[in-house]
Amino acid sequence: MPHARNRNPSPIPEVTWDTGLKEMNETWKGAIACLGVAVFFVMTIGIIYWQVVDQPNKNWILRGTFSGLIWERRTHSLVIQTLTEDKTYVEIDVGNVGNPDVEVPFVRNLCWLNKTEFCYTWDSVAEVKISLEVNEETETECYSMTWTPVHCHVELKDCFSMTNVSWYGGASVRGQTWPINDQNATTQPFIVSDLKDNPSGFGSALERYFLGSTGVAVLVSPDVPLQLGLDSRQEFCLQSLPSVERLPLQYTVCVAHNVKAAHQEAVQQLSHHSRELPNMNTLWLPFWKLLASVDSGPRVERELRTFSNRLRRHQLGEGVISLNEHSTALLSDMDHDYLNSRKRGMSKRLTRDLPLVKLLNISITLSPFLGVDTTQFHTSLVDGTEAYWLSLPSAPLGQPIPVMGQWRGKFCVKLNITNPGAVSWFLDRVGALQAHLGMEYVMLEGGEGNLLEEQVLRPPQTLGGDDYIGLLADLATRIGDSTIVTAGTRSNHKPVFVRMTPMQSDWSPMGLKGIIPSLLHHSLLGYNFLLPDAVGGSLSGDLVTDEELFIRWMEITAFLPVISFHTPPWFYGEDRVLNLTRAYIAKHQSDVVPLIEKYAEEWRMTRNPIYRPMWWLSPSDPTTFTIDDQFLIGDEVLVAPVVEKGAVQRDIYLPDGGFQWQDSRNAQVFDGGTFLQDYPVPLEEVAVFLRRS
């Protein structure tokens with residue numbers, strides 16, 4: 001059998017290498033592991049460096065044809081700029097959502113399939129959706145933004161910078177400014193309140209609309225509760241109400257090439273209703289407030305007769321005599337048997353009183369409030385019409401219990417304007433007064449505020465926020481197109497007049513200096529048909545003793561839709577003030593009213609305001625953005641009153657639009673863009689310039 005051959009014939013013994021190889025493998029494994037850790041460490045440092053240092057501060061989110069939306073990573077801001085980045089329209093600080101100390105990249109679009117939408121979940125707190133709509137015809141681009149809380153009780157807050165932007169719109173405030181950059185307001189519900197009772201609140205007119213001088217407009221959704229705060233010269237903030245319903249914060253930001261174009265686009269979105277004009281005959285008549293502290297209807301009648309005779313004797317022409325709510329109630333409560341006995345003739349002098357009242361142009365004042373000590377209220381509790389008043393059920397299926405509030409210092413209930421029976425009762429009451437007194441003009445007060453929310457009561461869905469004011473405006477239109485309301489929101493298309501907030505009898509921004517800013521504010525929001533506060537101011541209720549203030553105030557109101565008086569001009573004697581009053585009433589009727597009628601038609605067709613700021617004719621001129629003591633009537637008349645005590649000259653800026661301006665007093669002609677320094681304006685005059693092509 002064969003033998004096996006020896007494989008190692010050498011005398012040197014065979015060496016085994018297994019142990020060495022194992023040792024070398026372990027060494028290489030350690031080295032490779034260390035190298036991997038080093039690479040991972042370097043990559044981590046690189047990523048951190050990219051995120052912190054090398055990552056661009058700006059990230060384009062959406063792009064239109066001329067503008068784009070940018071995320072500013074370090075400031076937690078959304079910025080709308082031109083695509084060339086040479087102009088910033090608006091900067092919105094959204095860092096208040098979630099944890100402001102956590103840097104959010106905000107660049108990953110969850111709606112990446114759609115180039116006109118951006119979606120993102122912010123810090124697990126809120127979801128944001130932004131959509132872009134480009135209107136090539138009007139050359140505007142609108143960014144619709146919706147923030148929705150992920151959890152309950154999340155407070156959403158976006159703040160709009162005032163840096164290099166003059167802002168207009170929003171709400172009236174005590175001491176109105178134009179623009180609103182100098183205003184301060186603590187964050188509070190954005191609803192109309194009575195500024196007399198709540199001087200730090202928001203008043204009428206109010207719209208969820210803000211306009212910036214860079215050509216930006218902000219329109220806030222009307223369907224969700226909103227809070228607003230203003231920090232002077234810094235920012236204004238929109239804020240949602242935290243709730244279990246996870247209410248969103250919704251608004252649209254539109255940009256255009258200039259401020260005028262932005263406004264013209266915004267007002268088309270603000271209201272889609274057709275516009276109706278109120279009774280334009282009202283513009284021809286001055287309103288005279290009857291100052292009578294009387295306690296009976298017959299005495300009110302006598303005061304009316306005396307006041308009417310004085311107007312006639314001083315040759316002040318036809319006018320409307322305004323009665324306050326107390327005098328209106330005294331006349332309406334007069335005993336009918338007494339009236340009938342007077343008609344049968346105890347005295348010829350007495351029998352003339354009632355026909356005189358019916359022949360006069362009288363404005364009465366009503367409100368939706370009714371005193372709890374009145375017979376009418378007690379009757380409603382007995383006959384089962386307690387639902388005519390704002391009420392809450394005593395139990396889930398219980399009887400309604402009227403909610404009490406205060407009005408003019410008395411405990412009252414407020415008309416349930418959502419109840420058709422209550423509305424019919426109120427209209428019947430107005431109709432009876434019209435038959436009894438023959439008046440045409442009705443002032444409706446008391447729409448401001450929310451009686452239920454003020455008492456921390458949950459209102460029905462149809463009466464949340466400012467809904468009551470809108471329904472009261474509907475009621476006013478049913479009364480007639482000569483009706484005057486004291487609050488306006490989402491009702492600028494209705495054929496009613498809106499009364500300005502009463503002002504102080506002084507030269508401050510809460511007095512004379514506040515008239516033109518308030519006028520421009522109302523007109524920008526679409527409330528062109530104003531009943532301004534009385535000449536000299538009426539907030540205190542006292543007569544105005546400053547004759548110069550009275551004259552300068554009258555010079556402004558002569559160019560407004562209606563002239564209203566609280567202090568009669570004969571209070572200052574029989575000469576200068578009376579003559580000036582006659583002259584300015586005549587000027588108002590001959591020059592101003594025809595202009596208003598002309599531009600009222602333009603407003604009805606285009607929504608362009610009747611009273612216009614200086615930037616309307618020169619929308620790219622920064623000088624015009626902050627002029628608060630001049631105004632335009634249409635495009636052809638510039639009014640520059642004196643608003644400083646003792647001044648007989650003032651600075652005037654004539655906007656440039658490729659035309660000239662002619663002084664109506666001396667026919668002197670100036671080029672547009674001219675700055676007139678210390679231009680003479682004597683006490684009995686007002687500077688008025690007419691546009692020349």
Side-chain angles (χ1 to χ4, degrees), residues 162-170 172-173 175-183 210-216 232-233 258-264 507-525 528 530 532 552-553 555-557 559-560 599 608-645 647 649-664 670-681 685-691:
M162 292 181 177
T163 303
N164 299 321
V165 186
S166 294
W167 287 98
Y168 317 95
S172 295
V173 296
Q176 188 71 42
T177 62
W178 180 272
I180 64 174
N181 293 45
D182 289 330
Q183 294 177 10
F210 301 86
L211 178 68
S213 59
T214 51
V216 58
S232 176
R233 298 180 179 271
N258 58 56
V259 60
K260 178 182 177 181
H263 174 71
Q264 289 176 319
W507 299 81
S508 73
M510 296 186 182
L512 180 67
K513 281 191 180 70
I515 299 175
I516 295 176
S518 185
L519 168 70
L520 295 174
H521 169 79
H522 278 77
S523 198
L524 183 79
L525 298 186
N528 295 279
L530 309 167
R552 289 303 194 191
W553 203 301
E555 290 171 352
I556 298 176
T557 56
F559 292 89
L560 305 191
Y599 285 101
N608 288 341
I610 296 175
Y611 292 93
R612 302 170 182 178
M614 292 299 105
W615 50 252
W616 190 266
L617 294 180
S618 189
S620 299
D621 182 358
T623 304
T624 64
F625 296 158
T626 56
I627 296 177
D628 62 355
D629 56 358
Q630 301 176 194
F631 61 90
L632 298 164
I633 305 178
D635 283 347
E636 57 189 285
V637 175
L638 186 154
V639 184
V642 170
V643 295
E644 296 289 345
K645 182 176 177 60
Q649 57 190 19
R650 58 154 295 167
D651 296 339
I652 299 173
Y653 184 74
L654 304 175
D656 188 13
F659 40 76
Q660 295 179 313
W661 295 95
Q662 183 179 48
D663 190 330
S664 63
F670 303 92
D671 292 330
T674 300
F675 180 75
L676 304 176
Q677 189 171 12
D678 296 332
Y679 198 70
V681 188
E685 297 180 7
V686 57
V688 178
F689 293 83
L690 309 179
R691 174 178 163 177

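This one's a predicted model, so the numbers in the text were calculated from it and none came from an experiment. Just so it is clear, the values below take in all heavy atoms, side chains as well, and ignore hydrogens, waters and symmetry mates.
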Exercise for the section: Apply side-chain contact (heavy atoms from CB on, under 4.5 Å) to the pair Val637 and Leu632, showing each step before the final yes or no. Expected result: CA-CA 6 Å; Val637 175; Leu632 298 164; over 6 Å; no
Handout entry: Side-chain donor or acceptor of Gln630 paired with backbone N/O of Tyr653 under 3.5 Å
Key = yes
Handout entry: Close side-chain approach of Phe659 to Leu617, heavy-atom, < 4.5 Å
Key = yes
Exercise for the section: Drop me the distance from Ser523's OG to Leu560's CG, to the nearest 0.5 angstrom. Expected result: 10.5 Å
Problem - Partners meeting ring pair (Phe, Tyr, Trp, His ring centres under 6.0 Å) with Phe210 (sequence neighbours left out) - result: Phe236
Handout entry: Heavy-atom pair with the smallest gap, counting every atom of Val681 and Arg552
Key = O-NH2, 3.1 Å
Handout entry: All side chain to side chain contact (heavy atoms under 4.5 Å, CB included) counterparts of Gln662, not counting sequence neighbours
Key = Ala667, Val669, Arg692
Problem - Set of residues satisfying side chain to side chain contact (heavy atoms under 4.5 Å, CB included) with respect to Pro619, sequence neighbours excluded - result: Asn258, Val259, Lys260
Exercise for the section: Please round to the nearest 0.5 Å and tell me the distance separating atom CG of Leu211 and atom NE2 of His263. Expected result: 7.0 Å
Completion exercise
dist Thr177:OG1 -> His521:NE2 (nearest 0.5 Å) comes out at 10.0 Å
Problem - Those residues that, when tested against Tyr679, pass side chain to side chain contact (heavy atoms under 4.5 Å, CB included) (two or more places apart) - result: Ile652, Asp663, Arg665, Asn666, Gln668, Phe670, Leu676, Phe689
Exercise for the section: Check the surroundings of atom CG in Asn164: do more than 12 heavy atoms from other residues, nucleotides or ligands lie under 6.0 Å from it? Expected result: no
Handout entry: Sequence neighbours excluded - salt bridge (Lys or Arg N to Asp or Glu O under 4.0 Å) pairs with any residue from residues 617-640
Key = Lys598-Glu636, Arg612-Asp635, Asp629-Arg650
Problem - Leu530 side, atom CG; Thr557 side, atom OG1 - distance, nearest 0.5 Å - result: 12.0 Å
Completion exercise
For Ser213, the side chain to side chain contact (heavy atoms under 4.5 Å, CB included) test, sequence neighbours excluded, returns Val165, Ser166, Tyr168, Phe625
Practice task
Report yes if some heavy atom in the side chain of Ile516 is under 4.5 Å from a heavy atom in the side chain of Trp178; otherwise report no.
Solution key: no
